[in-house]
Amino acid sequence: MNMNRLGAVLLIAFVVSVSGYAQALTVQRSAPPSKAELAEITERGRELAAYDMAAWRATDTVLALRPKEGSIARYIARRTEAGWRVAFGRLSDKKDNFLVAYEAAQGASPREFTAKKYEEPPAVKDFYFFAARAIDTALGDFKGEQRPYNVAVLPAKAEGLWVYVIPAQTEGEVFPLGGDVRYLISKDGTKIVERRQLHNTIIEFRKPPQLEEAKVSFHTAVLDDVPEDTDVFHVLVRTPRVPELVASKKYMYQIAVDGTITFLGKTDDIINK
């Protein structure tokens with residue numbers, strides 16, 4: 001992308017936003033993030049988008065079975081060698097098992113799911129159980145707005161479980177970004193190891209009347225000098241699929257439509273060209 005043109009396009013938006021940086025920025029980096037760090041952000045963002053797709057398709061499949069009221073309190077997705085599986089159920093009264101009322105399994109494509117009902121819900125103590133406890137732990141801490149939120153749980157390798165609390169889409173062509181938190185929860189789902197506020201306020205990307213009107217989208221990062229996992233998620237789930245430019249106080253990035261993050265350079269250098 002031509003940097004001169006980019007600077008001209010972003011100058012007004014950046015000047016409007018930059019006044020809030022001095023007090024809002026909580027992480028100040030002395031150097032840009034490595035390619036490895038940016039790749040890890042991309043990977044988590046892609047997994048979030050895949051989780052969201054699996055949960056969406058599986059939910060439609062389970063709702064077609066007309067689940068009994070009160071039988072489902074949580075849905076939890078997990079990636080397996082055979083594809084995504086999504087369990088619908090609730091923690092037991094003693095919180096010592098997860099009772100699976102329905103389970104949906106991915107078929108030949110990410111859009112194809114089949115669901116089954118358990119007449120006698122099995123009590124499990126596997127990923128579903130620990131993820132359900134982790135969700136309760138995260139939501140016990142989360143302070144959001146009076147609006148619906150989605151929750152996703154991803155394995156955090158040896159560290160535990162990532163729990164994301166993300167504003168839910170409530171209008172068909174409006175895609176919210178922001179007001180979200182990522183938690184690192186202990187393996188047993190009971191303790192918050194780390195809490196990371198990803199964005200402060202919620203902004204909304206609205207689908208333009210004509211696709212030609214949206215060539216690129218833009219927002220500023222005020223909590224850290226890097227894009228967040230949910231920035232990648234946002235690019236992958238919204239329509240139309242357009243790149244996202246992310247400018248922090250120091251650095252600027254582009255998130256491609258496949259979620260790949262490219263470091264563009266220092267923000268001041270780009271704006272002043």
Side-chain angles (χ1 to χ4, degrees), residues 41 44-60 62-63 67 69-79 84 86-91 95 98 101-102 104 127-156 160-186 189-207 217 219 221-224 227-239 244:
I41 296 170
R44 290 193 297 268
R46 286 172 175 167
E47 278 297 283
L48 267 178
Y51 188 108
D52 183 73
M53 171 67 79
W56 169 33
R57 298 295 181 181
T59 297
D60 286 347
V62 168
L63 287 178
E69 185 176 353
S71 63
I72 297 174
R74 293 271 181 265
Y75 64 83
I76 298 165
R78 63 174 178 174
R79 186 188 288 276
W84 286 91
V86 186
F88 297 79
R90 61 180 179 85
L91 284 169
K95 311 275 187 199
F98 187 74
Y102 298 82
F127 176 80
Y128 293 144
F129 169 62
F130 296 115
R133 289 212 301 192
I135 290 172
D136 280 3
T137 299
L139 292 182
D141 173 83
F142 180 73
K143 304 295 187 294
E145 298 183 9
Q146 293 297 315
R147 60 165 298 145
Y149 286 83
N150 290 331
V151 183
V153 184
L154 298 176
L161 298 166
W162 296 121
V163 178
Y164 295 82
V165 186
I166 305 169
Q169 183 181 357
T170 57
E171 298 181 52
E173 296 184 348
V174 178
F175 301 89
L177 169 66
D180 43 11
V181 178
R182 185 188 73 199
Y183 293 89
L184 179 59
I185 306 294
S186 58
T190 63
K191 297 177 182 178
I192 297 174
V193 178
E194 176 186 287
R195 180 187 190 276
R196 181 179 177 86
Q197 184 81 36
L198 302 177
H199 305 85
N200 279 331
T201 58
I202 300 174
I203 59 176
E204 294 181 330
F205 179 88
R206 293 180 177 271
K207 183 177 180 179
S217 183
H219 75 272
V222 298
L223 297 180
D224 199 347
E228 301 290 357
D229 308 350
T230 46
D231 292 331
V232 175
F233 166 81
H234 184 66
V235 169
L236 295 176
V237 301
R238 72 186 177 191
T239 55
E244 182 79 8

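Just so it is clear, the model here is predicted, and its values are computed rather than measured. The figures here come from the full heavy-atom set of this structure, side chains too, leaving out hydrogens, waters and symmetry mates.
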Below 4.5 Å, heavy atoms only, C-beta onward: do [X] and [Y] meet side chain to side chain?
{"X": "W56", "Y": "V86", "value": "no"}
{"X": "F233", "Y": "I166", "value": "yes"}
{"X": "I202", "Y": "R147", "value": "yes"}
{"X": "D136", "Y": "R74", "value": "yes"}
{"X": "D231", "Y": "L177", "value": "yes"}
{"X": "L48", "Y": "T230", "value": "yes"}
{"X": "R78", "Y": "Y128", "value": "yes"}
{"X": "P227", "Y": "V232", "value": "no"}

**Request:** For side chain to side chain contact (heavy atoms under 4.5 Å, CB included), just list the numbers for V181 and L198, CA-CA rounded to whole Å, side-chain angles, deciding distance to a tenth of an Å, and then say yes or no.
**Result:** CA-CA 5 Å; V181 178; L198 302 177; 5.8 Å; no
Over all heavy atoms of both residues, which pair between [X] and [Y] is shortest? Give the atoms and the distance, please.
{"X": "V174", "Y": "R206", "result": "CG2-NH1, 3.3 Å"}
{"X": "G179", "Y": "F142", "result": "O-CZ, 4.0 Å"}
{"X": "A168", "Y": "P176", "result": "O-CG, 3.7 Å"}
{"X": "L161", "Y": "S186", "result": "CD1-O, 4.4 Å"}
{"X": "R90", "Y": "G70", "result": "CD-O, 4.0 Å"}
{"X": "T137", "Y": "G189", "result": "OG1-O, 2.6 Å"}

Atom pair [atom1] ([X]) and [atom2] ([Y]), whose distance is rounded to the nearest 0.5 Å:
{"X": "I203", "Y": "S217", "atom1": "CD1", "atom2": "OG", "value": "7.0 Å"}
{"X": "S71", "Y": "Y102", "atom1": "OG", "atom2": "OH", "value": "5.0 Å"}
{"X": "I135", "Y": "I76", "atom1": "CD1", "atom2": "CD1", "value": "4.5 Å"}
{"X": "R196", "Y": "L184", "atom1": "CZ", "atom2": "CG", "value": "12.0 Å"}
{"X": "F98", "Y": "F130", "atom1": "CZ", "atom2": "CZ", "value": "13.0 Å"}
{"X": "D224", "Y": "Q197", "atom1": "CG", "atom2": "CD", "value": "12.5 Å"}

**Prompt:** Residues in salt bridge (Lys or Arg N to Asp or Glu O under 4.0 Å) with R195, at least two apart?
**Reply:**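 Scan of R195 (salt bridge (Lys or Arg N to Asp or Glu O under 4.0 Å), adjacent residues dropped) gives D141.
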**Message:** So, using ring pair (Phe, Tyr, Trp, His ring centres under 6.0 Å) as the criterion, who are the partners of F127 when residues are at least two apart?
**Reply:**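 Counting only residues at least two positions away or on another chain, F127 forms no ring pair (Phe, Tyr, Trp, His ring centres under 6.0 Å).
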**Request:** Sequence neighbours left out, what passes ring pair (Phe, Tyr, Trp, His ring centres under 6.0 Å) with W84? Give chain and number order.
**Result:**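 Checked W84 against ring pair (Phe, Tyr, Trp, His ring centres under 6.0 Å); matches are Y51.
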**Asked** For V62 and I72, what are the C-alpha separation, side-chain angles and deciding distance, and is it a side chain to side chain contact (heavy atoms under 4.5 Å, CB included)?
**Response** CA-CA 10 Å; V62 168; I72 297 174; 4.2 Å; yes
Side chain to side chain contact (heavy atoms under 4.5 Å, CB included) against [X], all qualifying residues, sequence neighbours excluded:
{"X": "E69", "value": "none"}
{"X": "T201", "value": "none"}
{"X": "R44", "value": "E40, I41, W162, Y164, R182, D229"}

**Request:** Give the ring-plane orientation class for F175 versus H234, where under 30° counts as parallel, over 60° as perpendicular and anything between as tilted.
**Result:**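 The arrangement is perpendicular - the two ring planes meet at more than 60°.
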**Prompt:** Is there a donor-acceptor contact under 3.5 Å linking the side chains of H219 and E244?
**Reply:**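 A pair is found: one side chain offers a donor N or O, the other an acceptor, under 3.5 Å apart.
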**Request:** Begin with the C-alpha distance, continue with both residues' side-chain angles, and end with the deciding distance and a verdict on side chain to side chain contact (heavy atoms under 4.5 Å, CB included) for R238 and Q169.
**Result:** CA-CA 10 Å; R238 72 186 177 191; Q169 183 181 357; over 6 Å; no
**Prompt:** Would I192 and I185 count as a side chain to side chain contact (heavy atoms under 4.5 Å, CB included) if you check the C-alpha gap in whole Å, the side-chain angles of each, and the deciding distance to 0.1 Å?
**Reply:** CA-CA 5 Å; I192 297 174; I185 306 294; 3.8 Å; yes
